[in-house]
Amino acid sequence: MIPLLLVALLVTSFSSDTKISAGELKINQVQIIATHNSYHLRTDGAILRFLKFLYKTHLLPKDLNPGEIDYTKDPLSVQLGQYNVRGLELDIWADPLGGRFYHRKGKAYVWKRTASGVEALKKPGFKMMHIPDFDFNTTNYTFVDALAEIKKWSDANPDHLPLFINVESETSAPGDNKQAPKGLTHAAPFDSLALDAMDNEVRSVFGQNLDGIITPDKVRGNYTTLEEAVLAGNWPTIAAARGKIIFIIDQHDHVGDLYKTGHPSYKGRPMFVYLHHGGTPEAAFIIHNGPVHDQEKIIADVKKGYIVRTRTDAGTNQARLGDYTERDAAFSSGAQIISTDYYKPDARAGTKGWSDFHIVFPQGSMARVDTIAQHSIALPLPVKE
């Protein structure tokens, strides 16, 4: 029989990073709270009012409710430092020539100048925003700037739990819709050249040797494929992963296939890729964003050794209603990366139409031992304070 003290250790929620270090605990055996669209600032007020008018008068489809983009985030370093968030999501848009997103063309509909005045948007490189032309306010204009902020915080806090950084490769802008008015911005293709350029931007910040990053090569080790390594439990320990970063592409269209072309098991790549199921050589991170509907799948994948990402809320709906159904399912599923727009309550909490909805583990922590994934641990060692 396992001593009661050790049972308590297995299910304890931790209020700080320094308390998660139980022996050979692996990075797939911890649950963390992450943020969705971590860079997102509330939409331009005039544009938001315009979109809400269109929606109210049925000039926008029902599935394009502008109320779903009515939320905002703190700077990335504030989320990491003040709120102990341990996962971020960055939406990036290819801009190989520069200037593609300099004009916010949606402003023309509210009689404002479209020129952003942001010099960084004129230069080549990946840009960060939610939706060009209409939902462009962001904590960081460029991918490189966001990476630099993350690295600076990480270097200043070398004992932090590993940070999971979702990189969403955006491939469709408003101008790509055949029914959209002419003149709106088109997305640049996320082709093999763009993927190599994305990797190079990561190396430009973190160094060519990627010492501070847990890469697919490091997880694969001596195994033939990445999935073999993952199913064998070859994830690094928490102790070895402290101060490190893990990048995972949240892919669109053909991006995942391109990323592995010439790089089986992502050999030589700095990032993993989210897949929807296992059974392929590259399977390591799985995405199931519906924790209620997909709970059985999540539990099964976590038990196999994959790291799974899910969400507790979407489109501001749960924050408006105070609905914790998805949160409860996400927590109990064992999904290791639990994403939310509400690491703290919305500033309007308590006013009409808004609750104090926010996501933390019991006792207010943002990370805890995973009670589903811990199956491979016989007896964790006592935690060193």
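Shown here are the salt bridge (Lys or Arg N to Asp or Glu O under 4.0 Å) partners of Glu149, two or more places apart in sequence or in another chain: there are none. Judged as a salt bridge (Lys or Arg N to Asp or Glu O under 4.0 Å), and not counting sequence neighbours, Glu326 has no contacts. When the side-chain contact (heavy atoms from CB on, under 4.5 Å) test is applied to Asp191, the partners found at least two apart in sequence or on another chain are Pro189, Leu193, Ala194. Annotation: ring-ring contact (aromatic ring centres under 6.0 Å, His included) contacts of Phe126 (sequence neighbours excluded): Phe190. The side-chain hydrogen bond (donor to acceptor under 3.5 Å, both in side chains) search around Ser355 returns none, not counting sequence neighbours. For the ring-ring contact (aromatic ring centres under 6.0 Å, His included) test, no residue two or more places apart in sequence or in another chain qualifies with Phe136. The salt bridge (Lys or Arg N to Asp or Glu O under 4.0 Å) search around Asp74 returns Lys344, not counting sequence neighbours. When the salt bridge (Lys or Arg N to Asp or Glu O under 4.0 Å) test is applied to Asp91, no partner is found at least two apart in sequence or on another chain. Partners of Lys123 by side-chain contact (heavy atoms from CB on, under 4.5 Å), not counting sequence neighbours: none found. With sequence neighbours excluded, the residues forming a ring-ring contact (aromatic ring centres under 6.0 Å, His included) with Tyr71 are His40, listed by chain and number. Residues satisfying the side-chain hydrogen bond (donor to acceptor under 3.5 Å, both in side chains) test with Asn222, not counting sequence neighbours, are none.
The ring-ring contact (aromatic ring centres under 6.0 Å, His included) pairs that include a residue from residues 287-326 are Tyr324-Phe357, where partners are two or more places apart or lie in different chains.
Minimum heavy-atom separation, Ala329 to Val292: CB-CG2, 3.7 Å. Looking at every heavy atom in both residues, Leu48 comes nearest to Pro66 through CD1-O, 3.6 Å. The two residues Ala367 and Leu161 have their closest heavy-atom pair at CB-CD1, 3.6 Å. The two atoms that bring Gly334 and Val302 nearest to each other are O-CG2, 3.5 Å, heavy atoms only. The nearest pair of heavy atoms linking Leu226 to Ala284 is CD2-CB, 3.8 Å. Here the closest non-hydrogen pair linking Ala373 and Asn28 is CB-O, 3.2 Å.
Judged by distance alone, with hydrogens and angles left aside, the side-chain atoms of Asp323 form no donor-acceptor pair with the main-chain N or O of Asn317 at under 3.5 Å. Between the side chain of Arg86 and the main chain of Leu80, a donor-acceptor pair closer than 3.5 Å is present. With Thr72 contributing its side chain and Arg42 its backbone, the two residues share a donor-acceptor pair below 3.5 Å. For the pair Glu201 (side chain) and Ala197 (backbone), a donor-acceptor distance under 3.5 Å is absent. A distance-only check finds no donor-acceptor pair linking the side chain of Ser169 to the backbone of Gln251 [under 3.5 Å]. Remark: side-chain polar atoms of Gln29 are not paired, donor with acceptor, to backbone N or O of Val369 under 3.5 angstrom. The backbone N or O of Gly125 lies less than 3.5 Å from a partner atom in the side chain of Lys127, making a donor-acceptor pair. For Thr114 (side chain) and Lys105 (main-chain N/O), no donor-acceptor pair under 3.5 Å exists by modelled atom type. For Glu227 (side chain) and Pro281 (main-chain N/O), no donor-acceptor pair under 3.5 Å exists by modelled atom type. Judged by distance alone, with hydrogens and angles left aside, the side-chain atoms of Tyr259 form a donor-acceptor pair with the main-chain N or O of Met271 at under 3.5 Å.
The OG atom of Ser172 sits 7.5 Å away from the CG atom of Asn177 when rounded to the nearest 0.5 Å. Taken to the nearest 0.5 Å, the CG atom of Leu88 stands 10.0 Å off from the NZ atom of Lys73.
Checked by atom type, the side-chain pair Ser332/Gln295 shows a donor-acceptor distance below 3.5 Å. Side-chain contact of Asp217 with Thr215: a donor-acceptor pair under 3.5 Å is absent, judged by distance alone. Side chains of Asp133 and Tyr109: no donor on one and acceptor on the other come within 3.5 Å. Defined by atom type and a distance below 3.5 Å, a donor-acceptor pair is present between the side-chain atoms of Asn140 and Asp145.
By the 4.0 Å N-to-carboxylate-O rule, Arg311 lies close enough to Asp341 to be salt-bridged with it. Under 4.0 Å is where a charged nitrogen must lie from a carboxylate oxygen, and between Asp356 and Arg348 no such pair does. Under 4.0 Å is where a charged nitrogen must lie from a carboxylate oxygen, and between Asp313 and Arg327 no such pair does. With salt bridges taken as basic N to acidic carboxylate O contacts below 4.0 Å, one links Lys52 and Asp70. Note on Lys152 versus Asp155: no salt bridge recorded, every NZ/NE/NH1/NH2 to OD/OE distance being 4.0 Å or above.
Residues Phe143 and Tyr102 fall into different hydrophobic clusters, defined by Ile, Leu, Val, Met, Phe, Trp and Tyr side chains chained together at heavy-atom separations under 4.5 Å. Under a hydrophobic clustering in which Ile, Leu, Val, Met, Phe, Trp and Tyr are joined whenever their side-chain heavy atoms come within less than 4.5 Å, directly or via other members, Met198 and Phe247 fall into the same cluster. Linking ILVMFWY residues whenever their side-chain heavy atoms come closer than 4.5 Å, directly or via other members, leaves Leu147 and Trp93 in distinct clusters. Under the 4.5 Å side-chain heavy-atom criterion for ILVMFWY residues, a single connected hydrophobic cluster contains both Leu76 and Trp153. A single hydrophobic cluster is not seen to contain both Ile27 and Tyr223; linkage of ILVMFWY side chains at heavy-atom distances under 4.5 Å, directly or through other members, places them apart.
The distance between the ring centers of Tyr266 and Phe272 does not fall below 6.0 angstrom.
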Checking Ile338 against Gln31 for the side chain to side chain contact (heavy atoms under 4.5 Å, CB included) test, could you report, in this order, the C-alpha distance in whole Å, the side-chain angles of both residues, the deciding distance, and whether it holds? CA-CA 7 Å; Ile338 298 176; Gln31 286 183 303; 3.7 Å; yes
Step-by-step side chain to side chain contact (heavy atoms under 4.5 Å, CB included) determination, Phe285 to Asn166: CA-CA 11 Å; Phe285 285 83; Asn166 291 3; over 6 Å; no
When you look at Asp135 and Arg104, which way does the side chain to side chain contact (heavy atoms under 4.5 Å, CB included) test go after all the steps? CA-CA 9 Å; Asp135 192 19; Arg104 281 78 179 270; over 6 Å; no
Test side chain to side chain contact (heavy atoms under 4.5 Å, CB included) applied to Leu90 and Glu168, step by step: CA-CA 6 Å; Leu90 311 177; Glu168 189 162 349; over 6 Å; no
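Relative ring orientation between Tyr342 and Trp354 is described as tilted, the plane-to-plane angle lying within the 30° to 60° band.
Annotation: side chain of Val167 is in contact with side chain of Ile92 (closest heavy-atom distance under 4.5 Å). Considering only heavy atoms from C-beta on, Pro236 stays 4.5 Å or farther from Lys218 through its side chain.
Within 6.0 Å of NZ in Lys297 there are 12 or fewer heavy atoms belonging to other residues, nucleotides or ligands. For His276, the NE2 atom sits in a loose shell: 12 or fewer heavy atoms of surrounding residues, nucleotides or ligands are nearer than 6.0 Å.
The side-chain tip of Arg309 does not point at the ring of Phe164 from less than 6.0 angstrom away and within 45° of straight on.
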